[in-house]
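Only one structure is covered here, and it is reproduced in the block below.
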Amino acid sequence: MALIVHKYGGTSMGSTDRIKNVARRVAKWHAAGHQMVVVPSAMSGETNRLIALAKEIQAQPDPRELDAIACTGEQVSVGLLAMALKALGLDAVSYAGWQVPIRTDSAFTKARIESIDDVRVRADLDAGRVVIITGFQGMDPNGNVTTLGRGGSDTSAVAVAAAMKAQECLIYTDVDGVYTTDPRIVEDARRLKVVSFEEMLEMASLGSKVLQIRSVEFAGKYRVPTRVLSSLTDPMISLDEEMISGTLITFEEDENMEQAVVSGIAFNRDEAKVTVRGVPDRPGIAYSILGKIADANIDVDMIIQNQGSDGTTDFSFTVHRNELQKTLDVLNTQVKPAVNAREVTGDANVCKVSIVGIGMRSHVGIASQMFKTLSEEGINIQMISTSEIKVSVIIEDKYMELAVRALHRAFGLEKAA
Ligand code: ADP
Ligand code: ASP
Ligand code: MG
């Protein structure tokens with residue numbers, strides 16, 4: 001008998017029929033003798049609907065109240081799933097994050113999990129109950145409800161699995177695993193049977209929303225065996241069949257790993273580029289600009305500085321598109337007058353495309369192959385950043401799909417014919 005955590009995403013919970021299927025699948029695992037903790041998301045579209053409602057009242061919603069609203073989709077899901085399990089004759093109990101409790105910091109809308117108290121959950125499991133815990137939710141030190149950022153139910157599930165030392169964390173979603181790139185963009189994307197933790201971390205951080213990045217961080221830190229698999233298969237297929245399906249995140253590189261140099265292509269449309277032009281080229285200028293951005297709690301991604309010949313320089317960086325206006329406000333009011341810059345501009349029509357693979361460590365020429373592929377498609381590269389296992393470029397966003405498809409082909413990632 002093992003403790004298993006299942007996570008079901010929005011599409012998997014998208015209708016009462018789908019919830020009944022989730023219940024049948026969980027019941028099957030329970031009948032095989034496992035202790036089951038289930039972490040569902042809100043029904044698909046629900047979190048978007050709630051956030052849109054909030055924005056109808058307040059264009060920039062109060063973060064505490066936004067979390068109070070956004071977390072309710074998961075509240076509905078846990079109750080419905082508990083009822084569906086009871087209807088199958090199982091004993092089940094649902095909990096909100098604060099009831100467990102899942103403790104977080106107070107960063108509303110992007111809170112981080114600090115600890116999980118498992119006493120109550122263990123008592124239920126020992127009494128034979130299936131425990132269902134809301135994804136996405138936590139409670140801060142003052143008893144406020146918090147949420148973990150979009151896609152945060154993945155993190156709830158892996159964190160619960162880590163805290164309770166579960167044998168497996170199974171992330172059920174609407175695709176049957178992690179692919180070489182988003183299968184919605186590239187039809188012949190290929191499912192990876194295994195993906196290394198480091199590659200998954202890069203892919204998640206570079207925009208592959210199949211797993212929230214913090215869930216991958218938890219999986220790595222606590223070595224949680226984590227598998228991404230489909231919730232849309234027949235719920236009654238055998239456990240053995242389920243345990244070899246999907247994509248397993250591995251922590252050791254071994255001979256079973258697929259040997260591709262580039263394992264995947266990630267992309268992110270949530271980028272915006274800002275440029276501060278004509279700033280004096282002297283020590284401390286980067287700090288004068290980025291220090292103010294950090295003070296405003298804005299995350300900066302890529303940075304580039306171009307030296308001019310006239311003793312001035314242009315300084316560009318990217319931020320989340322939602323924070324473009326806030327960034328421009330800070331630059332225009334606090335930075336431009338202080339550093340005597342000529343001009344501040346913003347561009348929301350950019351995106352980031354990245355190639356990821358641990359094989360890049362031992363191969364040269366991968367970045368240049370990427371640049372060649374993009375140039376053959378007539379795509380201009382605006383910014384570049386590299387690490388040991390990835391190369392990212394910022395390009396105009398209208399070329400995003402073209403770039404992803406061309407790179408997918410150039411690095412031989414498509415399914416075998
Ligand atoms: P859930 O609601 O189950 O959490 P998400 O929509 O958050 O599901 O994540 C699953 C989606 O992630 C897929 O439908 C797919 O479009 C997208 N996706 C992006 N990149 C990848 C990838 N490399 N492999 C698989 N899916 C990906
Ligand atoms: N319901 C939340 C969201 O839509 C959390 C999740 O689905 O993981 O972002
Ligand atoms: Mg998700």
Side-chain angles (χ1 to χ4, degrees), residues 6-14 18 22 39-52 66-67 69-78 97 102 109-111 113 133-138 146-160 169-195 199-216 226-232 246-247 249 262-270 353-357 400-401 404 407-408 413 415:
H6 281 191
K7 181 262 172 176
Y8 292 91
T11 311
S12 315
M13 295 290 293
R18 291 236 166 112
V22 168
V39 179
S41 297
M43 296 170 78
S44 58
E46 185 59 12
T47 311
N48 287 345
R49 188 185 73 86
L50 293 165
I51 293 171
L66 182 60
D67 274 2
I69 296 161
C71 78
T72 60
E74 273 70 11
Q75 188 72 59
V76 173
S77 286
V78 290
I102 295 177
T109 76
K110 49 181 178 191
I113 295 178
I133 302 175
T134 49
F136 192 44
Q137 294 187 7
T146 54
T147 70
L148 309 180
R150 298 308 305 269
S153 299
D154 298 328
T155 303
S156 310
V158 180
V160 166
C169 183
L170 301 179
I171 309 273
Y172 289 90
T173 183
D174 57 2
V175 277
D176 63 352
V178 178
Y179 277 69
T180 47
T181 193
D182 189 339
R184 286 178 212 266
I185 300 288
V186 179
E187 225 172 75
D188 63 357
R190 187 167 42 84
R191 179 170 61 85
L192 301 167
K193 290 196 183 77
V194 293
V195 63
E199 286 170 326
M200 195 62 242
L201 197 63
E202 284 286 9
M203 281 172 68
S205 85
L206 296 169
S208 301
K209 70 166 190 162
V210 61
L211 286 177
Q212 197 198 37
I213 181 166
R214 285 183 192 162
S215 70
V216 188
T226 302
R227 184 179 289 276
V228 176
L229 67 173
S230 174
S231 72
L232 305 176
T247 302
I249 299 178
V262 172
S263 304
I265 317 267
F267 53 84
N268 189 351
R269 290 192 177 94
D270 298 331
V353 175
S354 310
I355 57 174
V356 175
M400 194 198 79
E401 294 194 9
V404 172
L407 292 168
H408 197 263
L413 295 177
K415 281 184 209 144

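Positions are given from 1 along the sequence. In each ligand, atom 1 is the first atom listed, and ligand 1 is the first ligand listed.
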Qualifying residue for side-chain contact (heavy atoms from CB on, under 4.5 Å) with Y172, from S231, P40, S230: S231
Quick one: does G10 get a heavy atom under 4.0 Å from ligand 2? no
Taking side-chain hydrogen bond (donor to acceptor under 3.5 Å, both in side chains) as the definition, give me every residue that meets it alongside D176, ordered by chain and number, with sequence neighbours left out. Y179
For ligand 2, which part of E74 has a heavy atom less than 4.0 Å away: the side chain, the backbone, both, or neither? side chain
Go through the structure and list residues passing salt bridge (charged side-chain N to carboxylate O under 4.0 Å, His left out) with D174, not counting sequence neighbours. R184
Hey, is G152 one of the residues with a heavy atom under 4.0 angstrom from ligand 2? yes
Could you tell me the residue and atom name of the protein heavy atom closest to atom 7 (O) of ligand 2, and the distance to it rounded to 0.1 Å? S41 OG, 3.3 Å
Charged N to carboxylate O under 4.0 angstrom, E401 versus R269? yes
Exam field: side chain S215 to backbone D154, donor-acceptor pair closer than 3.5 Å: no
of all protein heavy atoms, closest to atom 6 (C) of ligand 2 is S153 OG, 3.4 Å
Check whether any N or O atom of G151, backbone or side chain, sits under 3.5 Å from an N or O atom of ligand 2, and answer yes or no. yes
Residues two or more places apart in sequence or in another chain: which of them pass salt bridge (charged side-chain N to carboxylate O under 4.0 Å, His left out) with R150? none
The closest protein heavy-atom partner of atom 3 (C) of ligand 2 is R150 NE, 3.4 Å
Within the distance-only criterion (no hydrogens, no angle test), does the side chain of T180 pair as donor or acceptor with the backbone N or O of A189 below 3.5 angstrom? no
If you count only heavy atoms, which residues are under 4.0 Å from ligand 1? K7, G9, G10, T173, D174, V175, G177, V178, Y179, T181, D182, P183, R184, M203, S208, K209, V210
Can you tell me if D67 and T146 form a side-chain donor-acceptor pair at under 3.5 Å? no
Result of checking I185, L413, V262 against H408 for side-chain contact (heavy atoms from CB on, under 4.5 Å): L413
